[in-house]
Structure formats: structure tokens, C-alpha cells
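Chain naming here is simple, since letters A, B, ... match the order of the sequence lines and numbering starts at 1 in each.
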Amino acid sequence: MSNRLQAVRGMNDILPDEAESWEWLEEALRAWLKSYGYRPIRMPIVEPTPLFKRAIGEVTDIVEKEMYSFVDSLNGEPLTLRPEGTAGCVRAVIQHNVAAERPQRLYYMGQMFRHERPQKGRYRQFHQVGVEAFGFTGPDVDAEQILMSARLWQDLGLDNVRLEINSLGQPEERAAHRAALITYFEAHQDQLDEDAQRRLHSNPLRILDTKNPAMQQLVNEVPRLMDYLGAESLAHFERVQSLVRHAGIAFTVNPRLVRGLDYYNLTVFEWVTDALGAQGTVCAGGRYDGLVEQLGGKSTPACGFALGIERLLALLEDAGHLPQAESPDVYIIHQGDAAAGLALRVAESLRDTGLNVLYHCGGGSFKSQMKRADNSGAPMAVIIGDDEVASGEVTVKAMQQKDWVEGDAANNQVRVALDDLAEHIMSQWSENDLGQGF
RNA sequence: GUGGGCGUAGUUCAGUUGGUUAGAAUAUCGGAUUGUGAUUCCGAGGGUCGUGGGUUCGAAUCCCAUCGCCCACCCCA
């Protein structure tokens, strides 16, 4: 095993059966994004390391211990494989003045990299769809993005996700609350467990998530962020809630909902599920009004969310909503040199009509070719042998009908003149409602 | 980074207190009237038992190390 070549831990190959599901989902996602006016943007997977440090925050887990950072050995530049998409997107928006003239709705999809221990729903290379809106002060975009994500679950037939929202207020409000939190916990330091001690100064909000029953009472009486929000922040949050409520979307306000990245302010939301093991978040995001300016751009309000593709696919799989493997429309069987040449031309002419055609390659007995044809799932086979070549005809056989009689070679098949083949197949298609392409 | 579980044909798995040449199902290939697919019957190929070392007359089995996968903690999509 020591010599064996294999993929890097936590970075998975996506093999054909699975990759077809990915493409199917990606198509659905693009249609969904387009229906909300979002336009594609594509950024590099590698960015200068300081971008992420400045955007995500120096003391976050991502920056401290999860980034794939390295120095370009050719010019000494510090680079990082993107651990999330927003920073690069904001960088691109600033660099090219994308949102200078009018607000922009943008999306991207692609791989992200975080050096974490892999487990169910968590990988070192994973894929996200990022949805970002620049130049809208909200709260209507906030609400629209929430409705938008709700529609996606509906489109995909998923009903086991629920919505949680919260407001983080403005940075000053959050800082005041954080200070109050630390003061409170310091006053009760004797009641803090080891975990909480560690988080006290790194991430005091996380202490609220403790599962330790001994700390529940302490945690319940903690200063509430909501009490530190100013009138504007509260009004924004109220408005988002009322818009979402009016759209008929159920949610709970979770005062403990914090995002792991520093740039968020005001609205944050998260779609969670119990169906995925320990990794319950399928989609999460919020407002980040300060980030563009913080990264050197002109002050621009922004709001966005990310969707985990692996987790979404896992949910779809769980619900049995993934499409079946794709089959060709026609499988072409042939035997003999003359037939091989003719069959190749027939295959091309059928593709001219828009059909997906599998031409048998590699020879083999007639029987084995029939087996391949059956195995391919194609509803029809075209058979070309010496007889057909001699008479200028081909045999068309319906494959999905299993009611054939032993020993009767003529089961479910007809001979058709070469010139009539395309027309014959098309009419069979409409009569029998075969395939998905018509 | 910490903990737990697991590594045996392409795949899913058996494999007794350590004892002949490591099995099954499934998949693949071939055959059962040489031009006909499901099902059925017959046959074949396919394994450095993750890897390396140790104990033993003898190791898939016991011990040590190592690599890998999975799940959980932490954190997050």
C-alpha cells in the first residue's frame, strides 16, 4: 500500500454514477439562480493568503488551523487554496468595480478547501454554491435570499430542513455584548468547565452552545445580544422576520446562532437538518455590510449565503430524489467489416437527429453485443450484419420488451430500409413514449 | 489535533480454539442449435487477506508498528 497512488485524504473522486447526479443538480441550481436574476462569476481557487486573513478573521478556526497555505516556490508569494468563496468574490468585485454602477446579484459554484478531519458531510475538498448580492441595503434582499433558499428545497422535494435566523447587530453592538459576556463569565469562572475556560476569550459566544447540564442555568442567565442591539438593527431584524413570515415560511429565532466567520453583521440564517448526522447545516449565510470596505473597496452593503453541495446531495439521496443513471437512446450492434463501416455512418446520422447513440466498439460475438445493448439500458437496438448490408436495410429491435418467445429471433424487431431508419425510430419514440429527450 | 470502529476477489461479505490449495453471493468473460438481450443451467478468470515486522512446526486469525477508510468530538457548507 505504501507505493499505491491515491487521492489526498478528504478529497474524493466523483465517479460516473455519482457525477451524473452532480450534473443534474448543478443544472437545477443554475435554473433556480437564474430565476432570481443571479449571474455567474468565476474566481480563481487560489488567492493571496492575506485576503482570507483579513476577510475571515485572524482568530477564526478556519484561518488558524484549517487553511491550505503555502509559499509559491518560484516567487515567494504566500498563497492559499480558498476555504470559502465570499472573500474571493468580494476581491473580484472590488478589483473590477463590478458593483460600482448598480447593485449586482452574483453566484459561483466550485470547490473549497479546509484541512479538517473528514467525517460524514465534511471533507477537505468540498463544494459550495455561493450566492452574493452587492449594493442592497436590505432588509428586502435578506428576505429574498431566505425565500430563494426555501424555494430550492421545495423545487427539490426536500421537507426535512428547517430555518433558523438571528441578528448579530452591528460590530460595535456585538463588541459591547461580547465584553459583557466575558465580564459575566469571568464573574462565574468557578462554574465554567474546561471547554468554556478555553473559549472564554477566543469565542465566548460558543460557550452558549455547551451541552454540559451543569452549566445550563449559568448559560440561561447570560446577557442577551438582543438587548445590545440599537433601534436600527432591531428594526432591520423585525422587517426581515415580517417579510419571511408573510411569505409563509416557518422559522425559529435562534439567539445562539453565530457564524464562524467574522465578517457577518445583522441578519444571519441557517437551514439545518437532522438527516445528515453531526453535520446538520446545509445552507447558511447572512449580511456582511462591512466587508467590501474592509478589503479596500468603496463601502458597499452585501448579503449572501453558501450551500454545501455534498450535503445537499446527501439529503437528496436520503429522500430518494436522485435521478437514475442515464442510458443511451440507441445501441448499435454490427458484425463484419462491411457492417462496421455502415454502422458507424448510421450512428452519425442518428446523432444528427439528436439521439444519444452508443456504437458498439471492440467486436465480440453477436450474443455478447446483445448483452451489452441490454445492459446499456437503451430502449432500442439497431442491428446491422451481412444480411442488412446486402439488402440496404437495418434491423430495429425494441429492447425493453421482455415478452419475447424463446427461439424466435424475430421478437420485437423489424427490418427497415436504410433511408427510412431515422423516421422509423422517431415514430417509435412518440408511439411508445421512450426516452426523455423527446 | 483527540477518541472509537473497520481494512479478505471489481462490489457486498463469510472465514471455527491458529491447521490442507482462503470461500459465497453478485458482477465480468465463455458455453448451452455459429444472427438475438431478462430468467435458468454449466464453466472460467479474478486475492501479496492494507503494508512491514514479530511469535509459531504452521498466521486472514495472536502481538507490535505503520498506512488508509468510516463515525464522533472540535468546528463548519
What contact category does [X] fall into here, base, sugar-phosphate, or nothing, at under 4.0 angstrom with non-hydrogen atoms?
| X | result |
| --- | --- |
| Ser368(A) | sugar-phosphate |
| Ala284(A) | sugar-phosphate |
| Gly121(A) | base |
| Val282(A) | sugar-phosphate |
| Ile383(A) | base |

Looking only at the side chain of [X] (C-beta and beyond, no hydrogens), which of the listed nucleotides [options] gets closest?
| X | options | result |
| --- | --- | --- |
| Gln413(A) | U36(B), A72(B), C69(B) | U36(B) |
| Arg372(A) | C29(B), G3(B), C75(B) | C29(B) |
| Lys120(A) | A77(B), C71(B), G68(B) | C71(B) |

[X] [atom1] to [N] [atom2], straight-line distance once rounded to whole Å:
| X | N | atom1 | atom2 | result |
| --- | --- | --- | --- | --- |
| Leu15(A) | U11(B) | CG | P | 11 Å |
| Glu18(A) | U11(B) | CD | P | 15 Å |
| Lys371(A) | U36(B) | NZ | P | 12 Å |
| Gln119(A) | A72(B) | CD | P | 5 Å |
| Tyr123(A) | C71(B) | OH | C1' | 11 Å |
| Phe366(A) | U36(B) | CZ | P | 7 Å |
| Asp13(A) | G10(B) | CG | C1' | 16 Å |
| Met11(A) | C69(B) | CE | P | 11 Å |

May I ask you to decide if Asn356(A)'s main-chain N or O and Asp329(A)'s side chain share a donor-acceptor pair within less than 3.5 Å?
-> yes
Thr273(A) side chain to Ala275(A) main-chain N or O, any donor-acceptor pair under 3.5 Å?
-> yes
If we call it a pair only when both distances are under 3.5 Å in a Watson-Crick or G-U wobble match, what pairs with [N]?
| N | value |
| --- | --- |
| U66(B) | G50(B) |
| G3(B) | C71(B) |
| A25(B) | U11(B) |
| A32(B) | U40(B) |
| U20(B) | none |

Pick the nucleotide of RNA chain B nearest each of Pro118(A) and Phe126(A); which residue has the one closer to the 5' end?
-> Pro118(A)
For RNA chain B, whose closest nucleotide is more 5', that of Arg9(A) or that of Glu84(A)?
-> Arg9(A)
Would you tell me if any nitrogen or oxygen in the side chain of Arg117(A) comes within less than 4.0 Å of OP1 or OP2 on U2(B)?
-> no
For Asn375(A) and U28(B), is the shortest distance between a side-chain N/O and OP1 or OP2 below 4.0 Å?
-> yes
Distance between [atom1] atoms of [N] and [M] (Å, rounded):
| N | M | atom1 | value |
| --- | --- | --- | --- |
| C71(B) | C62(B) | P | 26 Å |
| A27(B) | C41(B) | P | 12 Å |
| G19(B) | G58(B) | P | 15 Å |
| G5(B) | A9(B) | C1' | 24 Å |
| G15(B) | A72(B) | P | 27 Å |
| C6(B) | U12(B) | C1' | 15 Å |
| U56(B) | A14(B) | C1' | 26 Å |
| A65(B) | U61(B) | P | 16 Å |

Is the closest side-chain donor-acceptor distance between Glu348(A) and Tyr359(A) under 3.5 Å?
-> no
Can you check whether Tyr288(A) and Tyr263(A) have ring centres sitting under 6.0 Å from each other?
-> yes
When you look at Glu270(A) and Thr281(A), which way does the side chain to side chain donor-acceptor pair (under 3.5 Å) test go after all the steps?
-> CA-CA 7 Å; Glu270(A) 199 164 299; Thr281(A) 305; 2.9 Å; yes
Which residues share a side-chain contact (heavy atoms from CB on, under 4.5 Å) with Tyr184(A), sequence neighbours left out | His188(A), Leu218(A), Glu221(A), Val222(A), Pro223(A)
What about Lys397(A), does its side chain sit under 3.5 Å from the base of U36(B) through a donor-acceptor pair?
-> yes
Less than 3.5 Å between a donor and an acceptor, one on the side chain of Glu388(A) and one on the base of G35(B), is that the case here?
-> yes
What's the shortest heavy-atom distance between Phe136(A) and Gln104(A), and which atoms?
-> CE1-O, 4.0 Å
Does atom CD of Glu423(A) have more than 12 heavy-atom neighbours from other groups under 6.0 Å away?
-> no
